[in-house]
Amino acid sequence: MRLSRARLVALTDLNNTHTAALPSPVTHISFSELRKSGNITHQGPVAPARRKNAGCKPYAGLCNVLLYDKYLHLLHQLKLRSGATTPGVDNHLPKMRNLSLLQRFKCVDLSFPGSPQCFTIRSETGTVLVASELAITEGIVSEDGSGVVVAIQDLPDQESVCVATGSGDVILYNLSTSQLECVGSVESGLTGMTWSPDQELVTLTTGQETIIMMTKDFEPITEVEINQDDFGEDKFITVGWGKKETQFHGSEGKQAAQSLSFQPVQPALPWDDRKPRITWRGDGQFFAVSVVCPQTGARKVRIWNRECVLQATSEVVNGLGQPLCWKPSGSLITSTQRHPNKHSVVFMEKNGLLHGDFTLPFGKEQVKVKELLWNSDSTVLAVWMEDLKPGENDHPNTYIQLWTVGNYHWYLKQSVHFGSEPLRAPACVCWDPEKPLRLHLLTRGWASYTYDWGWSTERSHGTDCHDNANVAVIDGDKILVTTFRQCVIPPPMCAFELQLPVPVNLVTFRSQAQRTNELAALTADGHIYVYGQGESRNLKRDSNITLFRISHLHFLYSGGGVENGGVPGVSGFKVISAPLCLFFLNSWSFLRSDVPVDGFVISLCHSLRNGTVALQLDDGQIRKVHMELSLTEWKDSTGNTINLPRPCVQTALCTLSGEEHLIGLTERSHLYIGDSLVASNISSFVVYDDFLLLTTHSHMCHCLNLSTLSIKGLQSALSSDANQNDETVRKVERGSRIVSVVPQDTRLILQMPRGNLETIHHQALVLAQLRKWLDSLRFKDAFECMRKLRINLNLIYDHNPTVFLANIEMFLKKIDSINYINLFLTELKEEDTTTTMYPCPSHSVSSSASGKGGKKVDIICDALRSTMETLDPQKYCLCILTSHVRKTTPELEIALQKVHELRGDSVSAEEALKYLLFLVNVNELYEHSLGTYDFDLVLMVAEKSQKDPKEYLPFLNMLKTLEPNYQRYTIDKHLKRYRKALHHLSECGEEHFTELLNLVKDQRLYSDALELYSSNSEQYKTLSVAYAEHLVEQQQAEQAGLLLWRCGENARALQAFVSCTSWRNALAVATHIPLPPEQLTLLARDLAGGEFYCCLLCHVLMPVCCQDCEEAISALIQGAAWEEALRLIYLYNRQDIIETDLKSALLDAHSNQTSFLESQKALFIRHKNRLTVVRELKAKARLELFDEDGPDCADAELYSEASSVMTGSHLGSKYSRSNSRISSRSSKNRRKAEGKKQSLKEGSPFEDIALLNTLTQIIIIEVHSLLKALVLFQFDRAASSLQRDYGELLQLVETALPEIWTDNLQQGQTPLTGPNSTANSIMASFQQQRPAVPQNDTEALTAPKMRIAVKWKLSILK
C-alpha cells in the first residue's frame, strides 16, 4: 500500500489580530516520536473502506502535526461572539441592505515549503486546520503526486481530524490523545471526501468512479457506481397527453425543435480538473455529485438520498462547470455554465432541472470559476474566480465575489481582488460554520485571513427638507439610488443608477447640512468616486493603501481648522483601517494623516447635529475623534469611561436627556446605549431628529422621543409592548425592517421579508410633525396631512387654542378652501384631543385653556363666522351656514333666514339650501323653517322634502288665516316650543289668558309666565297663585308662601308657612294681616309646644316692652338675619324700613356675595394649577435623580413629606430626621419651622403641602336665606345669578377633588393591603421606612367631604 506524505497545520486564533509572532507554546509532533511512545497505531490495506483489526503494521510514512494553542480568554470571547442564528432572529434575505466589511484580520503567517491544499475550521476552539502535500523529513514533493490531500474535516464530537489523501488513505488524528490512525485505504485512490452536515455519514469518491458511504465510525454502508444509465427514482412519468413532436413549437416550427433535440453534447470545459464534486443538502437527507460522464465527456449532476440511492440525474447542460454547492436551505443546487456569449451561475432543482441563473460580470473567455460557496444561512453566495489569461507578471488575477438575491434579482455586493501575485492568491476558501457572515481564506503563501461582514443600510443622514431620503444599494459596478422623498420604488428598481467602471464595495452619503444628497463610493480597485449635484470626481487611491487595509468609508464635514496635515474648512473622507487614516479632500486631491488606534476599527458614526465622530473598536471600546486628529475615550457627564459590552454591527449617535450617547445594535439583536442594555429583541433601528425608531422581533415598531426619556425610561418602554393606545408603538408585518425616514415628513419606509416596500405614517412621527407645523402656523400643511392620515382635525385648535384664536384670519387664508373649512367645522367636538386621543409628551402648552368662557365648539364657530363675515361673507357663505349648524345648540333658524336672504349673490339660495339639507335631516329642517314664520321659506324647504303637498298645504293655509301672534303661537305649539308659544300667546290679549293659564299648568312654565306680566297686574297674581298651588303639591310650601305673600294673598301665605312650620315667616305674615293678639298667641301655641312654646312666647312678647325696635331691626339686617328682621318689621308696622334699609341691604349682600364667590373661584383655580406644576416639577426631578444615582442619593432629600408619602421614604429622609432635631429646639424655632410649611413661596420645599392646606380652607358661604329674601322682594334676576354662580363654584370644587387629593396621597398613609394586593406589594409597603408626617400635614392630605345632601337651591329660579 502506498501511503501519502501529509502535513497538518493548526493555525491558531481566528480572532487574534497580532501578526508579529505566533502564540506559544507550540507543539511539534513527529510520527516517529509517536510511534516510539506507542500512541499511534496503523491498520494495513483492506478492502475498500473496510477496517482490519488484526495484523497491524507500523505506518511507514511520516506525518508532522503543528498545533498552535489558543489563548483562553480569547476562546471565551469567541464562544460569546460565535454561534448560529438564534430563534426569533430574522434570517430573510436582504433587499435594500449592503454588505459592509466590519473587520479583516490576519491570523498567522507561516513559511513552509509547498502550498496548502485544503483546510477546515474548528469553530469550537477557533483554529484552522491546514493540510499540505509535502513530507517534512524528505523535503521533496511526492514524485507520482500520491501525496495530494483531497479533503480534511474537523470532527468536534470525536475530537479528531479526518484527512483523505489522493493515494486512498483515510487518516484519523485524535487531537486530545495525539493518536494517529489510518482507518482505511482504497486501492484505486480517493478523489473526494465529504461529511454529511450532521457528521453521521461520510461519502468517498474513488478513482474507479464509485461512491462509498460509511458511518461516522467508518463502518461501510454501501458502494455504488457514480455513472449510471438509470435516471433515478424520481424519473418523470409521461401520462400520454401527446408527444413532444406533435406539440406547438412556436414560429420557428417543428423542424427547429427537432434540430435542437439532436444537438451534440459538448465535452467538459478545457480548464475542468475532471474531479468529482460532492455537496450535501443542509438537512443531510440528500447529496449531489457532479462528475464527468465517460461516454460524452460532459459533466452531469446526480442527486442521491441518504441511503445512497439515486434519485435524479440532471438534464444535459452544455458548458456545465466543475463547482457544485447545495444551498443550505435546501431549495437549489448551484453550479456554473459557460454560454457562447456569457458565463453564468445556474441553479438546479432536486429533480435535476435548471431553475434560474444570473450572469457573472466578465467576458465569456475571461475567468473560470473555481468554487461556489453558500454561507450557513443561505443569504450570501461566494464565487471564487481566476483569470484564464495571465496578467502582467504571467500570473492570473484572482477574485472573490459575494452575491445576494432579492426579488429574484442578484446583487453583487462585494468584490475582493487579490491581484496577480502568486503568494497572495487564495488556496482555500470557506465560510464559518457558525457565524454566517465570516469568511476564512488561506493564501498560497501560508497567510490566513478572516473577513467579517455585516448588513448595513446606506441612507442619507439629513434632517432638513433638502434631504431626499436617499438609500443606496450596491449592485456590482452600479449604485442603485432611490429618493424616497419623491417616490417609493421597490428593488431591484430604483430612481436612478450611477454607473462606475469597476465594482463598488462601499458607499456613503455626505454628512453636512443641505448637502446630504451627495455620496462617495469606494471601488474594488481602491478609487473613491464622489457624486454631487451634476458633478462627479474620481479620486485616485494612495499608493501605500492596499485593499486589505480599507474597511470603512464615511463622508463627513470638517468645520474647523485641522492640524497635522489637514486642510481647514474642507470636506473630508474617513477611510478607516488600523491605524486610522484621515483623508481630507481639497479640490481634486487627497491629503492624508495617520492616527494610531489601539485596536481594530469596525464602525464609525458621525452626528450631523453636534459634529461628533465616534469609532467603535473590535472589542466594543468607543473612541471620540477630535478635529485636531486625536482620539480620546468616550466618557459620560460624570467622567466615567463608556464602552459597548459587545461589538455592534450598527451604531449611531443620539442625544438623550441632553447628553450625547452612542447607540449600537449587535448581530444578536441586543440594543445598547453606551454600556446599558436597553432591549434584546431589536431587528433594526434608525435615529431621526429627536426620535429613535426601531422594529422588534415581536412585530412592533416603536417611535420614542429621546428628548423626554432617560435610559431607564427607554428600557421600560421597550421591556414590553406598550399600551396599544400609546402613540409610540404600532404593529407591523412580521420581519419588517426600517429602510429610511423622510426628513421633515411623516413617512417611514419599511421593507418586508419578501422584498416589497411599505410606507407607514407612525403616529408619533405624525403628531410631532403636526405640532411643528402648527407652532410655525403652517396650517395648510398640517390640515392636508391630517386629512390624508385621518387625524382628528380638533387637534388644530386643541394644540394651542390661544394661538389659533389669535390667527384665525391666517388660518382661513392659508386653507383657502371652502370644502376644507366646512370639513374642519363638521369634525368639531367638545373633547380635548390633546388629553384623550393624542396626549402630548410635553405639557408646556395648556391645550384646554381657550382663554374664553363657554363651550369649545361654540367658541370656534363664533370666531370663524365673525372673521369670515368680515373678510368675504359671499365667498364663505356655506362656511357661515356650517358654523351656525355645528354649534352646540344648532342655530337652524338663523341659517335658514340667511338662506332666504340670498338674492342674486354668488351662492344662490337653491345651492345654499341644498347644502343645508346635506348637513341636516330634511324633516328637521322643515320643522325649523316653519319656526321662522316665513311661509315662502317653508314652501322652499318642503319642496325638497319627501312630504306630500296634501299634508302640509292645508296646514299652511289654515295658519295664514290666523292673527299674526296667534299664528306664531300655533306654530310654536305645533313645534313644541312652548316658551315661545307662551310669549306669543301673552300678546294675543286677555281673551286668551285662560288658554295661556292652561298652557302654563300643562307645561309648568310658571317662572316664564311671571316674567311676561307686571307684578301689580291681575294676571301676575293669578299666575302666582297657580304657581304656589303647584309648589304645595311638590312639598315646597315655604317657597309657595313667599309667592303668595308678595302677590298680596296673605291668608293663603300664612297657611303655607304654617304647613311647613316656618314660624318666623308665619308670625311676620300674621302681624302683617294683622291678627288679633289672641289669635296670634293661639298661632304661636300651634307652631310650638311645651318649653319651646314659652321661649317662643317670650320672643314674641319681648319686643313689646322694648322701646327701640328700629335699632333691633337694623342689627338684624346687618347680621343678615333676613327672616327675623322682616318679622319685626311687620310686628311693629315699620314697612318703611323695607324701602329704606332692607332692599338696599339685600342688593349690597348680593353684590358682596357675588364678588366673594368670584375671588374664591379665582383663588381655587390658581392654587390648583400651581399644585399641578409643583407636582410635575418634583416628579421630573425625582426621575432624574433616580437615573443618576438611584433613590439613595443625597439630592433626593430635597422633597417634602407630601412627595415622600407618594414615592417612598428615601425622598423624605431629610425632613423625617430633621423633625426629631426640631423637637429639641425652642418653641420659637419650632413655630418658625412650622411657619415655613405654610409658606406659599414658589420653589419652597413644602409648597405642595401649603397649597393643599390653602385649598382645604376655601370658604363656601351659605346663600339659601339670601335667595329667599331676594325672591320675596322680586329681585329674581339677582337671585338667579347668585344661585348660578354658587352652583358653578360647587361644581368646580367637586370636580377638582380627585385631581387635588389623589389616590396616591391616601395610599401613602396605609400599607398596601386589600383584595388586590400581592405578597410582594404588601412586603414592599411594610419595608418602606415612611417618614413621620405631622398632624397638620396629615389633615391636608385628606380630601374634604362635600355636603351633597344639603338643599339650597330654589326651584322657582331659573
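Reckoned from all heavy atoms, side chains included, excluding hydrogens, waters and symmetry mates.
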Quick check on K914: does its NZ atom have over 12 non-hydrogen neighbours (other residues, nucleotides or ligands) under 6.0 Å away?
no

Distance-only donor-acceptor check, side chains Y838 and R771, under 3.5 Å:
no

Backbone N or O of L828 within a donor-acceptor pair of the R886 side chain at under 3.5 Å?
yes

Give me the atom names and distance for the closest heavy-atom approach of C785 to V766.
SG-CG1, 4.3 Å

Within a reach of under 6.0 Å around NZ of K973, are more than 12 heavy atoms found that belong to other residues, nucleotides or ligands?
no

The single option from E891, E893, E869 that satisfies salt bridge (Lys or Arg N to Asp or Glu O under 4.0 Å) with K898 is E869

Any non-hydrogen side-chain atom of L919 less than 4.5 Å from a side-chain atom of L881?
no

Salt bridge or not for R979 and E1011, using N-O below 4.0 Å?
no

Looking only at heavy atoms, the pair that brings E830 and K856 closest together is OE1-N, 3.1 Å

Ionic contact status for K1021 with E1049, cut-off 4.0 Å
yes

Within the 6.0 Å centroid threshold, strictly below: Y1006 and H1030:
yes

Does a donor on one side chain sit under 3.5 Å from an acceptor on the other, for T867 and Y876?
no

With heavy-atom distances below 4.5 Å as the criterion, would you say the side chains of I821 and C879 are in contact?
yes

Using the six-membered ring wherever Trp is involved, compare the ring planes of F804 and F811 and label them parallel, tilted or perpendicular (cut-offs 30° and 60°).
perpendicular

With distance as the sole test, does R787 use its side chain to make a donor-acceptor pair with the main-chain N or O of Y820 at under 3.5 Å?
no

Y952 and L930: side-chain contact (heavy atoms from CB on, under 4.5 Å), yes or no, with the steps?
CA-CA 11 Å; Y952 61 83; L930 191 61; over 6 Å; no

Once rounded to the nearest 0.5 Å, what's the spacing between atom CG of L1272 and atom CG of L1146?
9.0 Å

Rounded to the nearest 0.5 Å, how far does OG of S1281 lie from NE2 of H1150?
3.0 Å

To the nearest 0.5 Å, what is the distance between CG (L1282) and OG (S1151)?
10.5 Å

What's the separation between atom NZ in K780 and atom CZ in R778, rounded to the nearest 0.5 Å?
12.0 Å

side-chain contact (heavy atoms from CB on, under 4.5 Å), paired with L805, selected from I808, N807, V803
I808

Is there a side-chain contact between L1043 and R1046 (heavy atoms, below 4.5 Å)?
yes

Checking side-chain contact (heavy atoms from CB on, under 4.5 Å) for the pair L999/Y969: CA distance, chi angles, key distance, verdict?
CA-CA 11 Å; L999 178 65; Y969 158 71; 4.0 Å; yes

For F955, I'd like to know if atom CZ has over 12 heavy atoms of other residues, nucleotides or ligands within 6.0 Å.
yes

Closest non-hydrogen atoms of E995 and L985, given as atom of the first, atom of the second and distance, are C-CD2, 3.9 Å

Can you tell me how far apart CG (L896) and CG (D934) are? Round to the nearest 0.5 Å.
9.5 Å

Heavy-atom check, side chain of D972 versus side chain of Y978, under 4.5 Å
no

Specify the closest pair of heavy atoms between C703 and L765, including all atoms of both residues, with the distance to one decimal.
SG-CG, 3.9 Å

Look at D816 together with K875 and state whether they make a salt bridge at an N to O cut-off of under 4.0 Å.
yes

Decide, yes or no, whether a salt bridge links E784 with K788 under the criterion of side-chain N to carboxylate O below 4.0 Å.
no

Can you confirm whether the side chains of T833 and D798 place a donor and an acceptor under 3.5 Å from each other?
yes

Please check if atom CD in E990 has more than 12 non-hydrogen atoms from other residues, nucleotides or ligands closer than 6.0 Å.
no

In this structure, CG of L996 is separated from NE2 of H983 (nearest 0.5 Å) by 11.5 Å

Is E727 reaching over with its side chain to a backbone N or O of Q763, donor-acceptor style, under 3.5 angstrom?
no

Between S1014 and N1016, a side-chain donor and acceptor under 3.5 Å
yes

Please step through side-chain contact (heavy atoms from CB on, under 4.5 Å) for the pair Q967 and F935, ending with a clear verdict.
CA-CA 12 Å; Q967 178 191 80; F935 292 101; 3.7 Å; yes

Closest non-hydrogen atom pair, S929 against Y926
OG-O, 2.6 Å

Before you tell me yes or no, could you show the steps for K976 and E927 under salt bridge (charged side-chain N to carboxylate O under 4.0 Å, His left out), namely the whole-Å CA-CA distance, both residues' side-chain angles and the distance that decides it to 0.1 Å?
CA-CA 10 Å; K976 298 182 180 180; E927 300 292 339; over 6 Å; no

Pairwise side-chain contact, F779 with L812, heavy-atom cut-off 4.5 Å (strictly under)
no

For the residue pair H799 and D775, establish whether any side-chain heavy-atom pair is separated by less than 4.5 Å.
yes

Show the nearest heavy-atom pair for residues A1040 and V1032, with the distance to one decimal.
CB-CG2, 3.7 Å

Any side-chain heavy atom of V857 within less than 4.5 Å of one from Y797?
no

Under-4.0 Å salt bridge between R865 and D862
yes

Any side-chain heavy-atom pair of D832 and N794 under 4.5 Å
no

Working note: Y933 + H984, criterion side-chain contact (heavy atoms from CB on, under 4.5 Å); need CA distance, chi angles, decisive distance, verdict.
CA-CA 12 Å; Y933 318 116; H984 291 126; 3.2 Å; yes

